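Heads up: the structure comes next, in structure tokens.
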Amino acid sequence: MAVGAQASLGVTLKNTGTIAWQYVVEAVVLDDQGIVIGQFNTALGTALQPGTQTAVTWNVQVLQAGGYWVQYSVWKDS
């Protein structure tokens with residue numbers, strides 16, 4: 001992608017369990033040197049019912065040339 005372009009990060013969550021849970025999703029963006037250049041998180045507004053799925057996306061602007069790594073984390077909201 002070109003510097004200044006808009007990009008979209010996303011992850012799809014599916015509750016494969018038997019209990020509805022609220023989840024928190026986080027994405028950490030690192031450059032090709034391993035330096036964190038962006039961090040995004042979203043708490044789902046409602047509990048995700050068993051057998052259902054939802055998508056979480058974030059829009060970001062590319063600020064520098066080079067490669068990127070994205071690390072996703074998902075955990076149950078307390």
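Quantities reported herein were computed from a predicted structural model and do not represent experimental measurements. Heavy atoms only: backbone and side chains are in, while hydrogens, waters and symmetry mates are out.
Using a 4.5 Å cut-off on side-chain heavy atoms (C-beta onward), Val74 and Leu13 make contact. The side-chain heavy atoms of Val70 and Leu9, taken from C-beta on, include a pair separated by under 4.5 Å. Within the 4.5 Å cutoff, the side chain of Ile37 has heavy atoms near those of the Tyr68 side chain.
Judged as a side chain to side chain donor-acceptor pair (under 3.5 Å), and not counting sequence neighbours, the contacts of Glu26 are Gln39. Residues satisfying the side-chain contact (heavy atoms from CB on, under 4.5 Å) test with Ile35, not counting sequence neighbours, are Asp31, Gln33.
Looking at every heavy atom in both residues, Gly10 comes nearest to Tyr72 through O-OH, 3.0 Å. Heavy-atom minimum distance, Pro50 versus Gly17: CB-O, 3.2 Å.
Counting Ile, Leu, Val, Met, Phe, Trp and Tyr side chains that sit under 4.5 Å apart, directly or through other members, Leu30 shares a hydrophobic cluster with Val28, Val36, Trp69.
Atom CG of Leu48 is separated from atom CD of Gln22 by 10.0 Å, given to the nearest 0.5 angstrom.
Residue pairs meeting the side chain to side chain donor-acceptor pair (under 3.5 Å) criterion with at least one partner in residues 9-21, sequence neighbours excluded, are absent. Sorted by first and then second residue, the side chain to side chain donor-acceptor pair (under 3.5 Å) pairs with a member in residues 48-60 read Thr42-Trp58; sequence neighbours excluded.
Residues Phe40 and Val24 do not share a hydrophobic cluster, defined by chaining ILVMFWY side chains whose heavy atoms lie under 4.5 Å apart. The cluster map of Ile, Leu, Val, Met, Phe, Trp and Tyr, joined by side-chain heavy atoms under 4.5 Å apart, puts Trp75 and Leu44 in different clusters.
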